[in-house]
Every structure is written in structure tokens, then in C-alpha cells.
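To start, the structure under review is shown below, and the notes come after it.
Everything numeric in this text was worked out from a predicted model, so none of it was measured.
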Amino acid sequence: MGVKRKSKRRKVGSRMIEIELQQGVQSPQFVQLEGLPSRLGKGDSCDLVLSGLKIAKEHAEFYQGVSGLMIRQLGQAEIRVNHELASVYGPLSDSDIIELPGWRLKVRDAIGQASPSGQRRLCGQGETNAEAVRRLRDLLDRDHRGWGQLSESALRAECLAIARERLQEFTAGLSAEDAEKKRSRWVAELIGYGPLEELMHDPSVTEIMVNAFDRIFVERDGVCELIPIGFDSESSLRAVVERMLTSAGRRIDDSSPMVDSRLPDGSRLNAVLAPPSVNGTCLTIRRFPSRGLQFDDLVRLGSFSEGMRGYLQEVVRARKNIVVSGGTGSGKTTLLRLLAGAISSHERIITIEDAAELNLELPNLVSLETRAQNQEGAGQIGIRDLVRNALRMRPDRIVVGECRGGEALDMLQAMNTGHEGSLTTVHANTTRDALYRLEVMVLMAGFDLPVQVIREQIASSVDIIIQQQRCSDGRRRVVAIDEVAGLESGVIQLEPIYAWKNSSFESFRFEESA
């Protein structure tokens, strides 16, 4: 049999795992691997050397996860667990069948070092939850064929009733309160958002970051923290992500492993699958308050002063072209929504976004949203396509959620050809950097334009640049408002209007109102 056991690399800890190996129809054999991580492949440096044309030099790796023993693919290698493709899987049990091309593996025993102290749940608990969810799904399919026509609340009530009546063995020995919590978790895993449901109903949570199925961080008041809950397995997390995307008509799979979308409550969602995400499925959800922040709220929170509020509302009414600049999570979208909300109700507004989240309450409003390509690789509609189409829709103003590429050229042309008062956002660290970013994005449109021509276009199109920043104390604050004052000696001139300096807002041209 083409297998050798190596021990060349230095390992962490003294844990020993016993593996049952079977190649094709040959009889199984047992090997022991000492220390984790342990790599499998046909390269001489691997701890377990396997032969086979389709076995990669470094094919897979056993490692110690938070919940127990895990396995993950290395590079583009293919592994299956329980007959399903899996980039990361665990915690492993002796019933799991690991398949590599030409090989079948089972983890028979784990000896020596225990799982890390402070782990959030035992391996057996995750398996019990998974089995309960499978049983609940089978009962629902068998006894209630028309459950797909039920409303979500009715379906949840039906699932809970079945769990109380038919799955009592899974809650034996638990108090009534703990048993009900466990049943609610099964239902959430089956038809909801799993362990994320509680977080989605917590108004203090502004961001949910799932780095791996058993590592979830949340942001509260601008501070990130690891929370003591997680999914039972990679497959559970993947199922919840797919369920979230279904409501928005988006998809994610191995051929399209990255997606941006939004949830019914307006939250923004980004998901990345393996192999781009090395540790398995990664999910990021940005949540917005049920009642959108207003200008008064931002003044009270110290995002800008009363005088700045009046100035921003005035420049919007004066139909100035505005670019909101800032980093990720700095509050650009919130400020863009407030600025767009100050537009007169008599004007026709076209909003263009990757995932519609501005939710403006204006009477003459058309919201456009991008579309990803279908499974055949066709049908994609990007931001630039929508900007060009919006010009034919008789807009008074165009609001682009974010410029990331060649659409910047179309946006600048719209600002300079009868659509004054348009708004957009860009990623940049300063107002000056925002100008440089616009130059680069115009070049991304594919036209070999001289830099001087691009700067002239920017100087004649953009009137105001607002710099938004997430400060070290977690607050989102407008740190600069600059006016584009034309082109001089080939350099775009910026004139400061307001700036955050020495822990206070400084006015350069206007008196602050009381």
C-alpha cells in the first residue's frame, strides 16, 4: 500500500491521532500521527505520505480547532467528508468518512492532549444538535408536505410543537427553560439564521463577523469582541448563508464564491467561501438601526456640529455635486442617505447601488441594483451599466452608493452635463486622496486620457468633498469638509470649510450657529 508516515516537522503539543486508512478495495490499515497540525499528501515533507495521481503534494491537514479535531484542504486539492465536498470540516468523529482521491480515512481515536481549555462546546454536543435538526427536517417533510406554503411564524410554531412532542430524547435531563432554548436553536438552524438569530435581534450589535463556523465576533459601540457562541459545523454555516441569499435572489457556490447582498431588514451582507477564504466560509453582516439615524442624532453623537449640519443641508439644496470619502465602516452610507434625504420632493432621484440599502423616503424615486452573472456566466449588470442607463431615465439627480471603478467617469460626466446635485461615495483616507482615487478610477474606464484632462473634468464636476472617519474611540465623525476651488498649475485646489482639529470642529469660512 502506498503510504508512509513521516515525522519531520516540529509539532505543537503531544496529541496523537489514530487513522484508519483504506486504498481502493484493499484491506484497511491503521497509522498514528503525533502532534498537530499533521499534513497529508504525496510530498516527502508530509506527515502521512499517500500515493496517487490525483493526490497533491500537500493535499489536506488535520489541526486542532476550537471545537475539536478539524480537517481542511490545502490549495486546490479536493476532499470529501461523508460524500460531500468540504474545504473545512469538523469537529471530526469516528463516524465521519474522509475521502481523498483513491483513499478513505476515518479518525479512530484521539490520544493525549485534550481540546483547548475554554472551548465553547464539546464535539458531541454539535453532533447531537446536527442529528436533532436532521430528525426535525425528516419529521416535517414526512408529516407536513405543504409546510412550504406556511408563513414563517406558523412554520416556526409548527417546528417547535413537533420538537416538543417527538424529540424529547434530545432534551432529557435539561430544565424546561434550557430545553426550550435548545429547541429554538434547532428551529433557527432549520429555517432561520441559526446562532445568529439572537444577534440579529440585538439592537446594540452593529456588525456581525463570522471568521469561521466556530469564531464569531460582533461590534458594539465601535468595539469588536469575540462571543461564546458558534455554529456546530461548516455545513451548518454554509446552509444559513445560502438561506440568507435566497431571499434576495442571490447565489453563492464554488463557481461564484463571493457575494454582496442585503437581508429583508436592510442589513448588508458579504460572504466568501473557500478556497478564497482559507478557514472556510466567512460572513460579514453590517446592521442598521430600525429607525435610521437623522441629522439631529449625528449632531448629538458628535459626528458634526450644528453649523456643519446647516451647511450640508444648504449645499444639497443648492444642487452642489458632493463626494463623501472615508474608509470601510466610517459611516459614508449613513451620511449619503441623510444628504439625499434633504433633496426636494419635486425632483426625480435615481439611486444606484450594489445592494440597495439607502431606503430613501422620497416620492419621485427609482432604486436600481446591480445583478450578478447567472450560472452560465451571463446576465451580469454592473454599476457602470446602471449609471449609463440612468442618464436615459430623466433624472434630476443621480445618487451612486459607491464608485469603485470605471463608473467614476460616467458619474463625473453626469455631474457636468445637466445633473447637478448628484452624490456618491469613494474609499479614501483624506479629501486629497479622494481626488487621487477619482483619477485612478477614471483610468479604469479603459480610456487613455491624459491626467490633465481627468483633473479638469474632476475640478469642473465635483463641488464638495466630505471626509468621514471612524475614530479611535469608535465614533464616526466628519473630520473635514473641503470645497473644490478649481485647477491651478495642474493641481486641483481644495479650500477647507470645516475641519476636526484639537478635539473640536473648526470653521474656516462660516460662523457656527448657536
Report yes if some heavy atom in the side chain of [X] is under 4.5 Å from a heavy atom in the side chain of [Y]; otherwise report no.
X      : Y      : result
Leu100 : Ile55  : yes
Phe213 : Val240 : no
Ser267 : Met200 : yes

Those residues that, when tested against [X], pass salt bridge (Lys or Arg N to Asp or Glu O under 4.0 Å) (two or more places apart):
X      : answer
Lys57  : none
Arg437 : none
Glu207 : Arg286
Arg287 : none

At their closest point, which heavy atom of [X] faces which heavy atom of [Y], and how far apart are they?
X      : Y      : value
Pro101 : Lys54  : CB-CB, 3.5 Å
Ile79  : Ala86  : CG1-O, 2.7 Å
Met70  : Leu92  : C-CD1, 4.1 Å
Ile398 : Met411 : O-CE, 3.5 Å
Leu199 : Val205 : O-CB, 4.0 Å
Ser51  : Trp103 : O-NE1, 2.9 Å

Quiz prompt | Candidate pair Arg477 and Gln469, rule side chain to side chain contact (heavy atoms under 4.5 Å, CB included), full reasoning | solution = CA-CA 5 Å; Arg477 182 177 287 118; Gln469 181 176 309; 5.8 Å; no
Quiz item: Going through the checks in order, is the side chain to side chain contact (heavy atoms under 4.5 Å, CB included) test met by Ile19 and Val107?
Solution: CA-CA 5 Å; Ile19 307 294; Val107 179; 4.0 Å; yes
Identify, with sequence neighbours excluded, every residue that meets side chain to side chain contact (heavy atoms under 4.5 Å, CB included) alongside [X].
X      : result
Ala179 : Thr171, Leu174, Arg183
Arg104 : Gln22, His83, Ile97, Glu99
Thr370 : Arg250, Asp354, Ile383, Leu386

Backbone N or O of [Y] within a donor-acceptor pair of the [X] side chain at under 3.5 Å?
X      : Y      : result
Trp186 : Leu160 : no
His59  : Gln73  : no
Arg251 : Val259 : no
Glu198 : Pro195 : no
Arg337 : Leu293 : yes
Thr425 : Gly401 : yes
Asn82  : Asp96  : no
Arg243 : Gly192 : yes
Glu353 : Leu358 : yes
Glu84  : Arg80  : no

Does atom [atom1] ([X]) have a neighbourhood of more than 12 heavy atoms from anything else shown, all under 6.0 Å?
X      : atom1 : answer
Tyr436 : OH    : no
Asp265 : CG    : yes
Glu225 : CD    : yes
Met393 : CE    : yes

Which value, rounded to the nearest 0.5 Å, describes the distance between [X] atom [atom1] and [Y] atom [atom2]?
X      : Y      : atom1 : atom2 : result
Leu336 : Leu360 : CG    : CG    : 8.0 Å
Ser330 : Leu335 : OG    : CG    : 9.0 Å
Leu391 : Asp410 : CG    : CG    : 7.0 Å
Ile216 : Leu226 : CD1   : CG    : 9.0 Å
Leu105 : Phe62  : CG    : CZ    : 5.5 Å
Cys159 : Arg164 : SG    : CZ    : 11.0 Å

Qualifying residues under side chain to side chain donor-acceptor pair (under 3.5 Å), relative to [X], sequence neighbours excluded:
X      : value
Thr334 : none
Glu369 : Arg262
Glu234 : Thr281
Glu169 : Arg135

Self-check item: Lys/Arg N to Asp/Glu carboxylate O, Glu219 vs Arg470, below 4.0 Å
Solution: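 Salt bridge present between Glu219 and Arg470.
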Exercise. Could you tell me whether Glu177 and Lys181 have a side-chain N and a carboxylate O separated by less than 4.0 Å?
Key: yes
Quiz prompt | Within residues 270-284 or reaching into it, pairs that qualify as salt bridge (Lys or Arg N to Asp or Glu O under 4.0 Å) - sequence neighbours excluded | solution = none
Practice problem: Go through the steps for Gln467 and Ser325 under the test side chain to side chain donor-acceptor pair (under 3.5 Å), then give the verdict. | Solution: CA-CA 5 Å; Gln467 184 66 34; Ser325 167; 2.8 Å; yes
Self-check item: side chain to side chain contact (heavy atoms under 4.5 Å, CB included) between Ser261 and Met244, worked out
Solution: CA-CA 9 Å; Ser261 186; Met244 288 177 167; over 6 Å; no
Exercise. Applying salt bridge (Lys or Arg N to Asp or Glu O under 4.0 Å), run through Arg238 and Glu242 and close with a yes or a no.
Key: CA-CA 6 Å; Arg238 177 78 174 263; Glu242 292 175 351; 3.1 Å; yes
Exercise. Run through Ile208, Leu196, Val272 and flag the one making a side chain to side chain contact (heavy atoms under 4.5 Å, CB included) with Leu283.
Key: Leu196
Quiz prompt | Working for side chain to side chain contact (heavy atoms under 4.5 Å, CB included), residues Thr333 and Arg268 | solution = CA-CA 11 Å; Thr333 301; Arg268 187 165 66 193; 3.8 Å; yes
